[in-house]
Trainee: 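Can you keep this structure in mind? I'll have questions shortly.
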2 protein chains.
Amino acid sequence: MADPTPSGESLLFLTDEQLRKGIEAMFFAYRGFTADPDRILETMDYGRAHHRAVHFIHRSPGTTVSNLLAILGVTKQSLNRVLRTLVDDGLVEARVGRKDKRERNLYLTAKGQELERELSDAQRARMRAAYRAAGPQAVAGFRTVLEAMMDPDQRRQYQGLKESGA
Amino acid sequence: MADPTPSGESLLFLTDEQLRKGIEAMFFAYRGFTADPDRILETMDYGRAHHRAVHFIHRSPGTTVSNLLAILGVTKQSLNRVLRTLVDDGLVEARVGRKDKRERNLYLTAKGQELERELSDAQRARMRAAYRAAGPQAVAGFRTVLEAMMDPDQRRQYQGLKESGA
DNA sequence: GAATTTACGTCAGCCTTGTTGACTTTCCAA
DNA sequence: TTGGAAAGTCAACAAGGCTGACGTAAATTC
């Protein structure tokens, strides 16, 4: 992006008040963002943690447990509890690694893909509505600011599969 | 297939892939958004719930308990647990309502304001850095999309106190 | 003035999802 | 052969959601 004045804040008048509005916007928007999947999950025995696992396994089929740990930023005990129920319920398959047999490669089963679709359909519908209401320029800005707000490590996780056409 | 990067005039041709990136951007950015306050809170006996309470009492001094319940969207039992520790620790003062003595008007004490300052300084610093890196146009888009993503009720809470100068 | 409603507080118990610590099994690689 | 990484498991605990039930004071309504 072209940044005409990287020199300082002179162009961007950032009062505490404006920043506070941004902070609250994040708070309220994130609630909306999770509201639809949460409603679906609550009818089952699952929670947001299951959603996250299913999402990232869907995004990167065959990913390992440690990989998932790095992305989700939780302990293996915490992830394992969630993963175990998903495997037991037949939503996720954990295949022993071909090259390194210590690893477990994670895949969604047909049933798991069904849940993933249901959840992401709901979440995408809201995202799509917001994008349409805001317009293309706003969408670009939205993504730019969010990216700038991430921790460097998180940004790497995010961008790591940004062009996942490989 | 490769996703055409939505640049400029590209009308709202929203592929699932683009929406997925938006979803993940929200996930990773929200983690960054809460990371700094979380680090501060974790050294004390407080958590994110305390932060939220302190934030909104700071924003609306004298607000009532039911008001706070509506904004935070939790049960009174849940809020009360948090509020009680804040009052006990001398961060929040709960004055009996002057007009309606059933109500409790909530205020931050000097000590409470100190914590609020510490937390919001950290959060604002990150927000400010992201805003500067992204530029004014991106910031406007960011806010527009976030607003569109909120539930109508939440949006009302958000806009309800827009008045202060902005 | 009595009855009802409202605002708030609290006790008790449950769930999800995070944590730490300790231990085992498997298996790659030096 | 041995060290250590990867994964799984058990146990215990905490934060912070939730529901239900109950109590009290104050306001409102009948």
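All heavy atoms count here, side chains included; hydrogens, waters and symmetry mates do not. Below, read A as the first sequence line, B as the second, and so on, with proteins coming before strands; counting in each chain starts at 1.
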Trainee: Go through the structure and list residues passing side chain to side chain donor-acceptor pair (under 3.5 Å) with A:R81, not counting sequence neighbours.
Mentor: none

Trainee: For A:R48 and D:dC18, what is the distance between atoms CZ and P respectively, to the nearest whole Å?
Mentor: 11 Å

Trainee: Separation of B:L72 atom CG from D:dG16 atom C1', in whole Å?
Mentor: 13 Å

Trainee: Return the set of residues passing ring pair (Phe, Tyr, Trp, His ring centres under 6.0 Å) with B:H50 (not counting sequence neighbours), or none when no residue passes.
Mentor: B:Y46

Trainee: What nitrogen or oxygen pairs link the protein and nucleotides 26-30 of chain C at under 3.5 Å?
Mentor:
none

Trainee: Could you state the CZ-C1' distance from A:R95 to D:dG8, rounded to the nearest angstrom?
Mentor: 20 Å

Trainee: Show me the pairs that pass side-chain hydrogen bond (donor to acceptor under 3.5 Å, both in side chains) and involve residues 30-44 of chain A, at least two apart or across chains.
Mentor: A:T34-A:R48, A:D36-A:R39, A:D36-A:R126, A:D38-A:R48

Trainee: Charged N to carboxylate O under 4.0 angstrom, A:R128 versus B:D16?
Mentor: yes

Trainee: Whether A:H50 contacts C:dT17 is assessed here as follows: a side-chain N or O lying under 4.0 Å from the phosphate OP1 or OP2. Is that the case?
Mentor: yes

Trainee: For B:R95, which residues count as a side chain to side chain donor-acceptor pair (under 3.5 Å) partner, sequence neighbours excluded?
Mentor: B:E93

Trainee: DNA chain C: A:D45 or A:S78, which has the more 5' nearest nucleotide?
Mentor: A:D45

Trainee: To the side chain of B:E103, which of D:dC18, D:dG17, C:dC8 is closest?
Mentor: C:dC8

Trainee: Only counting residues at least two apart or in another chain, list the ones meeting side-chain contact (heavy atoms from CB on, under 4.5 Å) with B:E114.
Mentor: none

Trainee: Tell me whether the NZ or CZ atom of A:K21 lies within the 45° cone about the ring axis of B:Y158 and under 6.0 Å from its centre.
Mentor: yes

Trainee: Using atom CG of A:L41 as one end and atom P of D:dG17 as the other, report the distance to the nearest whole Å.
Mentor: 18 Å

Trainee: Give the rounded distance in Å between these two atoms: CE of B:M44 and P of D:dA15.
Mentor: 15 Å

Trainee: Please tabulate, one pair per line, each protein N/O and nucleotide N/O from nucleotides 9-13 of chain C that are separated by under 3.5 Å, including the distance.
Mentor:
from	atom 1	to	atom 2	distance (Å)
C:dG9	OP2	B:N80	ND2	3.3
C:dG9	N7	B:K76	NZ	3.2
C:dG9	O6	B:K76	NZ	2.3
C:dT10	OP2	B:N80	OD1	3.1
C:dT10	OP2	B:R84	NH1	3.4

Trainee: Check side-chain contact (heavy atoms from CB on, under 4.5 Å) between A:A49 and all other residues, then give those that pass, not counting sequence neighbours.
Mentor: A:R52, A:V82

Trainee: Could you state the interatomic distance from CD (B:Q113) to OH (B:Y107), rounded to the nearest 0.5 Å?
Mentor: 12.0 Å

Trainee: Rounding to a whole Å, what distance do you find between A:H51:NE2 and C:dT16:P?
Mentor: 18 Å

Trainee: To the nearest angstrom, how far is B:E42 atom CD from D:dG16 atom P?
Mentor: 12 Å

Trainee: Please determine whether a side-chain nitrogen or oxygen atom of B:T75 lies at a distance below 4.0 Å from atom OP1 or OP2 of D:dC18.
Mentor: yes

Trainee: How would you list, by chain and number, every residue that makes a side chain to side chain donor-acceptor pair (under 3.5 Å) with A:H55, sequence neighbours excluded?
Mentor: B:E24

Trainee: In chain order, what residues pass the side-chain contact (heavy atoms from CB on, under 4.5 Å) check against A:K111, with sequence neighbours excluded?
Mentor: A:L91, A:T109

Trainee: Report for the helix from C:dG1-D:dC30 to C:dA30-D:dT1: angle between first-end and last-end helix axes, five pairs each, rounded to 10 degrees.
Mentor: 20°

Trainee: Would you kindly give the CG-to-C1' distance between A:D38 and C:dT16, to the nearest whole Å?
Mentor: 12 Å

Trainee: Check side-chain contact (heavy atoms from CB on, under 4.5 Å) between A:T64 and all other residues, then give those that pass, not counting sequence neighbours.
Mentor: A:S66, A:N67, A:E103, A:N105

